[in-house]
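What follows is a short report on a single structure.
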There are 2 protein chains.
Amino acid sequence: MEQHPNREDDTKTRLLMAAGEVFAERGYRSATVREICRRADANIGAINYHFRDKKGLYRKVLEYSLRLAIKKYPPDMNLKKGTGPEEKLRAFIRSFLLRMMADGLPAWHGKLMAQEIANPTSLIKQVIKRSIRPLNDYLEKTVCELMEKEGIHKKPGDYEPFVCAMSIIGQCIHYFKGRPMIQALCPEGFDDSDIDMLTDHITNFSIGGIRAVTGKKRSPKIS
Amino acid sequence: MEQHPNREDDTKTRLLMAAGEVFAERGYRSATVREICRRADANIGAINYHFRDKKGLYRKVLEYSLRLAIKKYPPDMNLKKGTGPEEKLRAFIRSFLLRMMADGLPAWHGKLMAQEIANPTSLIKQVIKRSIRPLNDYLEKTVCELMEKEGIHKKPGDYEPFVCAMSIIGQCIHYFKGRPMIQALCPEGFDDSDIDMLTDHITNFSIGGIRAVTGKKRSPKIS
DNA sequence: GATCATTTGCAACACAAGTTTAAATCGGGT
DNA sequence: ACCCGATTTAAACTTGTGTTGCAAATGATC
């Protein structure tokens, strides 16, 4: 039935792939080992043999997905050095959206993270430390660069860059998790091909937001 | 253990109250009838007797919560007529955050909606129609007023006000559903008392965002 | 080709959660 | 005091899900 978990691969790999798919689209709790095994065309027992239990499988999926993600989406987003912060922000948002919305092999990295954020499991700590924190640091750094252009000097970890980063992430995640509601609210529009328009909107909106946040603080410093 | 479902009330009311609490904090799927009954100090069978089944109970909770919400948070947010759109937006964001974050009796209206958005049930259509849509309309209208001040004429339902509204809602919901992650990312800060700071930030950020979005479109119309 | 570790398939088990049922209890009305 | 309907209770039933054990099959090594 499924394509990606190629029958050529060994059972362990097929399980890993199928599990990645299912965990990504259903989340840890709602995913069932039986569906994973069905998609992997493997036996229920195999999961116990190769990964001990469901959580062991999930742990391996996270590790594998993380390793792939680092390769495919390095923190600097493969942008040439010296690109302006606006373009860095746009690239960040676009890749963040793509990672969550896209289908296919590298799709589940973002979805897994989004699921963890919305419904944390006991592995949330690890996910944050190794996946979310680096992304967030990069985003905060970019935000700081944008603030710098407004004449405000902030460093990652300060209050303003942090909440701005949260506002940006929040928008992106909302467009993923809130898709059913958005479809219902606005039935005519928003197929998956609109990621570019979405990227434009969130980028513009956020740049304006950052500008406004720094603007509030600037007044005492200008004069 | 619990306070609100007062032992004085009849079983049906106690069940309704307890269910509101549990559904609000756990979501429909993760909530269990057994916990609801335990909190309501009622028998398992009572749910079947009074509400047919879990979904029937949930439906009644939504109806009751909606009726209360309309009374407590009317669409115009009880602002005096003639208030500026900035203040309307701030009031909207603040009440939206409060409804999700607060504890106590009227707390679960917002939480239920947020849970529905993040994990829709089969009743999502009804929730959207009667709760979310009106709120969204009001928000879009406010956004349009803000755009008007920038010299751009848009009406609710147009693309720009819609995506701006989504960006605002997205930020608010992220601060509710993403609380565990935010705590982990920024352990020092963010107790529940920071709603005022959050309101300030999201309001400023969003006003700047709206300004930026209209700014992009304004250039051809100005000249 | 025999032996051993690895892998698979199947069935059973445990457990949690929603639902149902039948008996017990209670409260008014006559 | 008795009866009848409404309510409450306790227990069983059903289903879905994770886990485990075991026998059979497979494959590699000597």
Side-chain angles (χ1 to χ4, degrees), chain A residues 1-2 5-62 64 112 115-116 119-124, chain B residues 1-2 5-62 64 112 115-116 119-124:
Chain A
M1 182 193 290
E2 285 300 327
N6 201 318
R7 187 70 254 217
E8 310 305 292
D9 303 332
D10 59 351
T11 307
K12 193 169 176 181
T13 308
R14 280 183 356 251
L15 273 177
L16 210 58
M17 296 299 164
E21 282 184 14
V22 178
F23 283 137
E25 63 190 49
R26 297 239 204 287
Y28 176 73
R29 276 169 248 275
S30 300
T32 76
V33 294
R34 284 180 166 83
E35 175 168 13
I36 292 172
C37 290
R38 188 161 45 73
R39 285 206 205 181
D41 193 14
N43 191 275
I44 303 270
I47 210 174
N48 170 264
Y49 179 76
H50 289 288
F51 304 97
R52 218 176 79 93
D53 56 10
K54 185 184 180 184
K55 180 166 287 178
L57 173 57
Y58 185 59
R59 192 189 309 270
K60 289 298 181 189
V61 167
L62 283 183
Y64 175 74
L112 287 173
Q115 297 279 11
E116 271 295 332
N119 276 89
T121 71
S122 61
L123 297 179
I124 179 71
Chain B
M1 183 192 287
E2 283 301 328
N6 201 318
R7 187 68 255 220
E8 309 304 294
D9 302 333
D10 59 349
T11 309
K12 194 170 177 180
T13 308
R14 284 190 343 258
L15 274 176
L16 208 61
M17 296 299 165
E21 281 183 14
V22 178
F23 283 136
E25 64 190 50
R26 297 238 204 288
Y28 176 74
R29 276 169 248 275
S30 301
T32 75
V33 294
R34 283 179 167 82
E35 174 168 13
I36 291 172
C37 290
R38 189 162 43 73
R39 286 205 204 180
D41 195 13
N43 188 275
I44 304 269
I47 274 184
N48 171 263
Y49 179 76
H50 289 288
F51 302 96
R52 218 176 84 92
D53 57 10
K54 185 185 179 184
K55 181 166 289 179
L57 173 58
Y58 185 59
R59 192 190 308 272
K60 289 298 182 191
V61 167
L62 283 182
Y64 174 74
L112 288 172
Q115 297 279 11
E116 271 295 333
N119 277 91
T121 72
S122 61
L123 296 178
I124 179 69

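To find a chain, count down the sequence lines: A is the first, B the second, and so on, and within it residues start at 1. Keep in mind that this is a model prediction, so the values were computed, not measured.
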| Rounded to the Å, how far apart are A:I47 CD1 and D:dG18 P? | 8 Å
| request: Please report the closest heavy-atom contact between A:V61 and A:L112, naming both atoms and the distance. | output: CG1-CD1, 3.9 Å
| query | Separation of A:F51 atom CZ from C:dT6 atom P, in whole Å? | reply | 16 Å
| request: Quick one: list whatever passes side chain to side chain contact (heavy atoms under 4.5 Å, CB included) with B:N119, sequence neighbours left out. | output: A:N119, A:K177
| said: Using a distance-only criterion (donor-acceptor N/O pair, under 3.5 Å, no hydrogens), is the base of D:dG16 paired with the side chain of A:R34? | reply: no
| request: Let me know the distance between CZ of A:R26 and C1' of D:dG18, rounded to the nearest Å. | output: 17 Å
| request: Would you kindly give the CD-to-P distance between B:E35 and C:dA16, to the nearest whole Å? | output: 14 Å
| message | If you apply the rule side chain to side chain contact (heavy atoms under 4.5 Å, CB included), what do you find for A:T11 with A:H50, and how did you get there? | response | CA-CA 9 Å; A:T11 307; A:H50 289 288; 4.2 Å; yes
| request: Tell me, please, which residues at least two apart from A:E35 pass side-chain hydrogen bond (donor to acceptor under 3.5 Å, both in side chains). | output: A:R26, A:R39
| said: Nearest whole Å is fine: how far is C:dG9 C1' from A:D41 CG? | reply: 12 Å
| Does B:K54 use its side chain to pair, donor to acceptor, with the backbone of B:Y28 at less than 3.5 Å? | yes
| request: Quickly work out the A:K54 NZ to D:dG16 P distance and round it to whole Å. | output: 16 Å
| field | Closest listed nucleotide, where the reference is the side chain of A:Y49 and the choices are C:dT19, C:dT8, D:dA6 | value | C:dT8
| message | Determine whether a donor-acceptor pair (N or O, by modelled atom type, separation under 3.5 Å) exists between the side chain of B:R14 and the backbone of B:D41. | response | yes
| For B:T11 and D:dT7, is the shortest distance between a side-chain N/O and OP1 or OP2 below 4.0 Å? | no
| field | Base-contact (B) and sugar-phosphate-only (S) positions in nucleotides 20-28 of chain C, heavy-atom cut-off under 4.0 Å, - elsewhere | value | BB-------
| query | Are B:H50 and D:dA6 close enough that a side-chain N or O sits under 4.0 Å from OP1 or OP2? | reply | no
| field | Worked verdict on A:Y49 versus A:N43 for side chain to side chain contact (heavy atoms under 4.5 Å, CB included) | value | CA-CA 10 Å; A:Y49 179 76; A:N43 191 275; over 6 Å; no
| field | Protein-nucleotide distance (A:L57, atom CG; D:dT17, atom P), rounded to Å | value | 16 Å
| Please give, in whole Å, the distance from C:dA17 P to B:I36 CD1? | 12 Å
